[in-house]
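Report on the structure given below.
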Amino acid sequence: QVQLVESGGGSVQAGGSLRLSCAASGYRTGCMAWFRQAPGKEREPVARIYTGDGGTYYADSVKGRFTISQENAKTVYLQMNSLQPDDNANYYCAARRFSGDCYYPIWVDYWGQGTQVTVSS
C-alpha cells in the first residue's frame, strides 16, 4: 500500500507563489501527479512526473507557471508561481504504483486527501 500526505496549501494573493509537497509512505512509485478540483467542477490533471526518467507533462492552463519535481520516487512537489484566482481549488496528490502514465484519474492507484489553495484577486 502507498499512502500520500500533502502539505503546503494556503491562501495567497494573485501573482503570488505556493509550493505543495506530497510524501508517499510505503512502496516507491512509478508516476506521481497533481490534480485539482474546484467547487462544482470535475477533478482535472495539473501535472505529472515519471519517477524513473523525470519526464513531465503539464496542463495548458499551468504551463510556464507551475513546476513539478520529485525525490526518490516517494516525494513530489508542485511549485506554483504567478497564481491566479482561476487556480483556486483543492489540490490532490496522486500516484501510480508501477511504471506508466498517471495523468488521468483512471490511471491513478493512490490519492492524497487534498490541500486547499486559495488565490485572492
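This chain uses plain numbering: 1 for the first residue, then up along the sequence.
Two residues are said to be in side-chain contact when any heavy atoms from C-beta on lie closer than 4.5 Å; R36 and S61 meet this criterion. By the 4.5 Å heavy-atom criterion applied to side chains, L83 and L18 are counted as neighbours.
Interatomic distance, CZ of R28 versus CZ of R97, reported as 10.0 Å (0.5 Å rounding). Distance check, rounded to the nearest 0.5 Å: SG of C22 to OH of Y77 gives 10.0 Å. Of the inter-residue distances, the one linking T118 atom OG1 with D87 atom CG reads 11.0 Å to the nearest 0.5 angstrom. Here the OH atom belonging to Y110 is positioned 10.0 Å from the OG atom belonging to S25, to the nearest 0.5 angstrom. Atom CZ of R19 is separated from atom OG1 of T67 by 10.5 Å, given to the nearest 0.5 angstrom. Residue Y103 holds its OH atom at 8.0 Å from CZ of F35, rounded to the nearest 0.5 Å.
Across all non-hydrogen atoms, the minimal contact from I49 to Q70 is CD1-CG, 3.7 Å. Pairing each heavy atom of V117 with each of G9, the nearest pair is CG2-CA, 4.4 Å. Considering every non-hydrogen atom in both S121 and P85, the closest pair reads CB-CG, 3.8 Å. Looking at every heavy atom in both residues, G15 comes nearest to Q84 through N-NE2, 4.1 Å. The minimum heavy-atom distance linking Q113 with L4 is given by the pair OE1-O, 3.5 Å. Here the closest heavy-atom approach between residue A38 and residue A89 is recorded as N-CB, 3.9 Å.
Note on V2 and W34: same hydrophobic cluster, where clusters join Ile, Leu, Val, Met, Phe, Trp and Tyr whose side-chain heavy atoms are under 4.5 Å apart, directly or indirectly. Under the 4.5 Å side-chain heavy-atom criterion for Ile, Leu, Val, Met, Phe, Trp and Tyr, V76 and V5 are members of distinct hydrophobic clusters. Residues W111 and I68 do not share a hydrophobic cluster, defined by chaining ILVMFWY side chains whose heavy atoms lie under 4.5 Å apart. Note: the hydrophobic cluster containing Y27 does not contain V108 (ILVMFWY, side chain heavy atoms under 4.5 Å, direct or indirect links). Both Y58 and L20 are members of a single hydrophobic cluster when ILVMFWY side chains are connected at heavy-atom separations under 4.5 Å.
Taking a 6.0 Å sphere around CD of Q37, one finds it holds more than 12 heavy atoms contributed by other residues, nucleotides or ligands. The number of heavy-atom neighbours closer than 6.0 Å to CD of Q3, taken from other residues, nucleotides and ligands shown, is 12 or below.
Using a distance-only test at 3.5 Å, with no hydrogens or angles considered, no donor-acceptor pair links the side chain of Y92 to the main chain of E6. One N or O on the side chain of K74 and one on the backbone of G26 form a donor-acceptor pair closer than 3.5 Å. Side-chain atoms of N88 come within 3.5 Å of backbone N or O of V119 as a donor-acceptor pair. A distance-only check finds no donor-acceptor pair linking the side chain of S82 to the backbone of R65 [under 3.5 Å].
In this structure, R48 forms no cation-pi arrangement with W107, as its terminal cationic atom is not both closer than 6.0 Å to the ring centre and no more than 45° off the ring axis.
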